[in-house]
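When reading the values below, keep in mind they use all heavy atoms of this one structure, side chains included, and skip hydrogens, waters and symmetry mates. Note that this is a predicted model, so its numbers are computed, not measured. Atoms within each ligand, like the ligands themselves, are counted from 1 in listed order.
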Amino acid sequence: MTDFLQFGLGERIEKALTEANYTVPTPIQRQAIPILKQGHDLLGIAQTGTGKTAAFALPSLDYLSQTYKPLNARTSRMLVLAPTRELASQIAESFRTYGKFLRLTITTAFGGVPIGRQIRALQRGVDILVATPGRLIDLVDQNALDLSQVEVFVLDEADQMLDLGFIHALRRIVRILPKKRQSLFFSATMPPAIADLAAQFLTNPQKVEVKPQATTAERVAQHVIHVNAAEKQALLTIMLQDLGADMDRGLIFMRTKHGADRVVRHLKGGGIAAEAIHGNKSQPQRERALGMFRTGEIKILVATDIAARGIDVPGVSHVFNFELPNVPEQYVHRIGRTARAGREGIAIALVSDNDERGYLRDIERLIRQKLEPMPLPENFLTRAAALAKPIARTDGNSGDQRGFGGERRDGRRDGGHRGAPGHRDTGHRGERSGGERREGADGQRRHFGAAKPKYSAKPAHGGAGNGSSRAPGGGQRRQGR
Ligand code: AMP
């Protein structure tokens, strides 16, 4: 059962959506799909990352399959224009995913690759053509494509099109498209030049607008902790231990499914209940995990970006970016999972300087602010080393909190302490602290609140601060914004 049923997209599309793990429509999908199903033109103000591709692809696929007809040579029933070949490929891929159980043909045409194959692909006509404007004009000029049969036309990322100098190509294309068609126009921004262009393409459009991504999360306190990749797992566990009851619900984001499973394993090994939700999980498994998260049975959910799309759980107080997303918009999506419904929230990014600095820079550029650096927890390395003990142990809870040589505040240790290449998990480093038994897996020593929690959105309650750590969520710090 998915919330997409409300749109009446037909069983085959619904089946594809279930397979792709889409359960909850995004705001633009919710708004745009009914309008498009009624055949209206649409002016959409939305950025990449909002789910706009499915917003236009789903009703179009439904329409094309409902009105299935043989194709004339070199024609296309639907034309999608995108500014770059990457976007064109991505859009075509989305059409293939959602149209997996339909008998519709999809092809792409963009520059930078030989035109011959594209000409051949168009010879018998296609249902859906996704193209960049320059190559599209070339194909028309070579009589390889006839636009007279286009019934649905989409212009995606119009503002980028103008930036890239496609205005003349677009004006020409609009002249050769048939007058009777459904037109969809998407842009992240709507300055006068774009509005003018939209007016040329659209007839009595309905307008939908989703809030610009970069401003959705103003109420989220955003932090970064710089940490070696190999120590991320320990850092996460320690932060969660320290937070204890000060965290209502925490979402942990990973780039890969495999990574999500690994983190869950480690957390469970450390006595912290967590579940993973990602594309390899079956629908019942996903629903079960979400249900447990919703009811508070588990306080931690580890998710990949795609899987997290459907998560709309109120009361997520913390978002941990265990790995930064490589698409900066995704970061905004992730942190938008907290601070819902007027609440405040905390987002903490665990950033490895080796390979994630560039991602951090891109994110800070997009959100037009710097994430606030947060120090590592007190005695981090000592505690991390304790965690690195084989987690199946049940003996030896010495409580020893001795540090070992070379500990630095920035989380780097002197000397070649890392495990063998590829051993990214702290779990592999048990050998290093030879002989010291610090903590077992029984959770006995999970002293929530033993140290003052440093990652809480709630005002710090009593007690002295500990040295250089600032309480990130405190009212004080916010004033600086
Ligand atoms: P877009 O803004 O169209 O580029 O979509 C961004 C990402 O969100 C893509 O990876 C889509 O596969 C994914 N996505 C779009 N809609 C949904 C949904 N309703 N549920 C889950 N994932 C989605």
**Q.** F4 N/O under 3.5 Å from ligand 1 N/O
**A.** no
Q: Nearest 0.5 Å please: distance from the NZ atom of K299 over to the CG atom of D248.
A: 7.0 Å
Q | K370 NZ to I363 CD1 distance, which is reported to the nearest 0.5 Å | A | 12.0 Å
(Q) Under a 4.0 Å threshold between the charged nitrogen and the carboxylate oxygen, would E93 count as salt-bridged to R96? (A) yes
Q) Which one holds for V24 and ligand 1: side chain close, backbone close, both close, or neither close, with close meaning a heavy atom under 4.0 Å? A) backbone
**Q.** Atoms in ligand 1 with a heavy atom of T50 nearer than 4.0 Å
**A.** 2 (O)
Q. Any idea which atoms of ligand 1 are less than 4.0 Å away from a heavy-atom of T53?
A. 1 (P), 3 (O), 4 (O)
Q.
Give the atom numbers and elements of ligand 1 that come within less than 4.0 Å of a heavy atom of G51.
A. 1 (P), 2 (O), 3 (O), 5 (O), 15 (C)
Q.
I'd like to know if E157 and K52 make a salt bridge, using a cut-off of under 4.0 Å between side-chain N and carboxylate O.
A. yes
(Q) Suppose we screen for side-chain contact (heavy atoms from CB on, under 4.5 Å). Which residues come up paired with S65, at least two apart in sequence or across chains? (A) L102, L104
Q. Are K268 and E275 close enough for a salt bridge, meaning some N to O gap below 4.0 Å?
A. yes
**Q.** Polar atom proximity, Q29 to ligand 1 (N or O, under 3.5 Å)
**A.** yes
Q.
Pairs of nitrogen or oxygen atoms closer than 3.5 Å, one from Y22 and one from ligand 1: do any exist?
A. yes
